[in-house]
J.: 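Supplied in structure tokens, the structure appears directly below.
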Amino acid sequence: MPTPRPAATGPDLVAYRDAVENLLIELAGHSDPGDTAKAETILIERLVEPNFTAVLSVTPRGLTGTVEWLLKEVRNYKPSTRSSAVDLAAQVRIFLLAQVEAMWWGQTTPFATTTDVLTSPDLVDIEKLRRAGLLPFRYRRQPKTFATRAVRAVARRVAPDRWPRTAGLRFTYSRPETIALLGQIATDFQKQAPLHTPALWVTSMTRSVRHQQHLRDLGYAAMSPSAHCVGWAVDVEMAWFERFSARTALEKVLLDRQAAGDVNVIDEGQAWHVCVSPVAVAELRREFATHYETGRR
């Protein structure tokens, strides 16, 4: 387990995450569509508690705006087979844990469009690093042609478990520090996972605000604002590693990094969302310069 960093100034995130878990226990019996009013009442009563207000009050929307936004999410919640929020309580959990990242990165200007992602000087294309043999993790790009989609459909039928069941990366761009973090996680995972476990698999990196909204429109639990839209978050495959008896090892790696203060982690079922903490940025920047810089040229 990584050595915990000196306590950063700001809210107690351990207490905040514990408060979220306790709130979910209370919400568990009120996750049906007909229980919206009761769920709203519980949220209004509980979110004024100090452990919640310490975080929510320093997000871009502030305490009042964030609570109002959450209540709107609750009223508009619709179950979807595409969404990682399997019920109303899960939607609340994902929203509240995402506020840690809103507190960290909510003042950062997001990448509004595809062009913003592709032309940003702050982002690195991992395709160049992959071709240089520098990436200890794997991914797939989203298919752009009918032929590629057809071949992948055949592959899924012939060998359904050979690769994770994911659409692939729309954008292969991320911040250098986020790439360095993935490299560290991938290395730690290989050390702890059973022999012959495949490498860490990344399912999503940077997104544009426009694409994030598109995902919401399709029924995914895509939060707004999102650390994906500023380049500080990624999603990593979890469910596929169960067939290698390696999921528990990956969970431990990610939760240890969270306990050390390096990341915020959100369990979204098939994939877990991972966001870089500001306190880890300087070290990760040095890590990227040491191990990846030559491959980006």
Side-chain angles (χ1 to χ4, degrees), residues 7-80 83-85 87-112 207-210 212-213 215-217 219-230 232-233 258 261 263-268 273 275-279:
T9 57
D12 183 342
L13 296 184
V14 173
Y16 178 76
R17 293 182 180 114
D18 286 345
V20 171
E21 292 303 312
N22 289 332
L23 173 62
L24 294 176
I25 294 173
E26 191 170 352
L27 283 176
H30 306 286
S31 288
D32 294 332
D35 289 339
T36 299
K38 179 60 177 178
E40 288 180 355
T41 299
I42 293 172
L43 291 171
I44 291 170
E45 292 176 349
R46 293 290 307 277
L47 293 181
V48 295
E49 295 173 0
N51 286 335
F52 288 113
T53 61
V55 170
L56 303 184
S57 62
V58 291
T59 60
R61 293 189 179 105
L63 175 61
T64 301
T66 302
V67 172
E68 288 178 350
W69 188 262
L70 176 55
L71 295 178
K72 179 181 177 182
E73 292 275 309
V74 169
R75 294 188 200 105
N76 294 332
Y77 172 75
K78 294 179 181 178
S80 169
S83 177
S84 55
D87 57 22
L88 187 59
Q91 181 80 354
V92 171
R93 177 178 58 81
I94 293 170
F95 180 96
L96 289 176
L97 293 179
Q99 299 316 302
V100 172
E101 300 163 22
M103 175 186 69
W104 286 345
W105 304 114
Q107 301 298 336
T108 305
T109 301
F111 304 109
R207 301 173 188 158
S208 66
V209 174
R210 184 171 297 173
Q212 185 79 352
Q213 184 57 51
L215 293 176
R216 284 180 65 86
D217 293 341
Y220 292 96
M223 295 293 108
S224 177
S226 169
H228 280 289
C229 298
V230 290
W232 290 113
Q258 179 169 269
V263 299
N264 185 55
V265 173
I266 304 177
D267 177 352
E268 296 187 350
H273 171 97
C275 176
V276 177
S277 166
V279 300

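The model shown is predicted, which means the values in this text are computed figures rather than measured ones. Just so you know, these numbers use all the heavy atoms, side chains as well, and skip hydrogens, waters and symmetry mates.
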J.: Sub-3.5 Å donor-acceptor pair from the side chain of N264 to the main-chain atoms of L97, do we have one?
T.: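 Such a contact is found between N264 side chain and L97 backbone.
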J.: How long is the straight-line distance from SG of C229 back to CZ of R210, given to the nearest 0.5 Å?
T.: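 Reported to 0.5 Å precision, the distance equals 12.0 Å.
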J.: Tell me, do L70 and L56 make a side-chain contact under 4.5 Å, heavy atoms counted?
T.: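 No, too far: nothing below the 4.5 Å cut-off.
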J.: Going by the rule side-chain contact (heavy atoms from CB on, under 4.5 Å), which residues pair with A112 if we only count those two or more places apart in sequence or in a different chain?
T.: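 Counting only residues at least two positions away or on another chain, A112 forms a side-chain contact (heavy atoms from CB on, under 4.5 Å) with D116.
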J.: Can you name the side chain to side chain donor-acceptor pair (under 3.5 Å) partners of Q99, sequence neighbours left out?
T.: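 For Q99, no residue satisfies side chain to side chain donor-acceptor pair (under 3.5 Å) once neighbours in sequence are set aside.
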J.: May I ask you to decide if A89's main-chain N or O and Y77's side chain share a donor-acceptor pair within less than 3.5 Å?
T.: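 No, because the side chain of Y77 does not come within donor-acceptor range (under 3.5 Å) of the backbone of A89.
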J.: Does D12 reach the side chain of N51, with side-chain heavy atoms less than 4.5 Å apart?
T.: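 No, side chains not in contact.
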J.: Which residues pass the side chain to side chain donor-acceptor pair (under 3.5 Å) test with Q213, not counting sequence neighbours?
T.: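 Only D217 meet the side chain to side chain donor-acceptor pair (under 3.5 Å) criterion with Q213.
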J.: What I'd like to find out is whether the side chain of L43 reaches to under 4.5 Å of the side chain of V67, using heavy atoms alone.
T.: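 The answer is no; the side chains never approach within 4.5 Å.
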J.: Could you name each residue pair satisfying salt bridge (charged side-chain N to carboxylate O under 4.0 Å, His left out) that touches residues 50-59, not counting sequence neighbours?
T.: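 Counting only pairs at least two positions apart or across chains, no salt bridge (charged side-chain N to carboxylate O under 4.0 Å, His left out) contact touches residues 50-59.
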J.: Rounded to the nearest 0.5 Å, what separates atom CG in L13 from atom OG in S277?
T.: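 Going from CG on L13 over to OG on S277, the span is 8.0 Å.
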J.: Report the C-alpha distance between R75 and E40 in whole Å, list the side-chain angles of each, state the deciding distance to 0.1 Å, and finish with yes or no for side chain to side chain contact (heavy atoms under 4.5 Å, CB included).
T.: CA-CA 8 Å; R75 294 188 200 105; E40 288 180 355; 2.7 Å; yes
J.: So, using ring-ring contact (aromatic ring centres under 6.0 Å, His included) as the criterion, who are the partners of W104 when residues are at least two apart?
T.: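 Per chain and number, W104 pairs via ring-ring contact (aromatic ring centres under 6.0 Å, His included) with no residue.
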J.: Cut-off 3.5 Å, no hydrogens considered: what does the side-chain donor-acceptor table look like for residues 20-28, sequence neighbours left out?
T.:
unit_1 : atom_1 : unit_2 : atom_2 : d
N22    : ND2    : D18    : O      : 3.3
E26    : OE1    : R46    : NH1    : 2.7

J.: Could you tell me which residues satisfy side-chain contact (heavy atoms from CB on, under 4.5 Å) with A54, sequence neighbours excluded, listed by chain and number?
T.: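 Only P11 meet the side-chain contact (heavy atoms from CB on, under 4.5 Å) criterion with A54.
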J.: How far does CZ of R93 sit from CZ of R17, to the nearest 0.5 angstrom?
T.: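 It comes to 12.5 Å.
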J.: Closest approach of L96 and F52, non-hydrogen atoms and distance?
T.: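 Heavy atoms only, the tightest pair is CD1-CE2, 4.3 Å.
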J.: Can you name the residues that form a side chain to side chain donor-acceptor pair (under 3.5 Å) with T66, not counting sequence neighbours?
T.: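 With sequence neighbours excluded, T66 shows a side chain to side chain donor-acceptor pair (under 3.5 Å) to T59, given in chain and number order.
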J.: Does any non-hydrogen side-chain atom of P110 lie less than 4.5 Å from one of V230?
T.: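 V230 vs P110: side chains touch.
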J.: Between W232 and E101 (side chain of the first, backbone of the second, donor and acceptor by atom type, cut-off under 3.5 Å), is there such a pair?
T.: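 Flag not set: sc W232 to bb E101 has no pair under 3.5 Å.
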J.: Side-chain contact, heavy-atom cut-off 4.5 Å: R61 with E68?
T.: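 No, too far: nothing below the 4.5 Å cut-off.
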J.: As an exercise, state the distance from CD of E268 to NE2 of H273, rounded to the nearest 0.5 Å.
T.: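 Spacing of CD (E268) from NE2 (H273) equals 6.5 Å.
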J.: side-chain contact (heavy atoms from CB on, under 4.5 Å) with S57: which residues, sequence neighbours excluded?
T.: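 Partners of S57 by the side-chain contact (heavy atoms from CB on, under 4.5 Å) criterion, ordered by chain and then number, come out as L63.
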J.: Which residues pass the side-chain contact (heavy atoms from CB on, under 4.5 Å) test with I44, not counting sequence neighbours?
T.: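 Result, side-chain contact (heavy atoms from CB on, under 4.5 Å) vs I44: L71.
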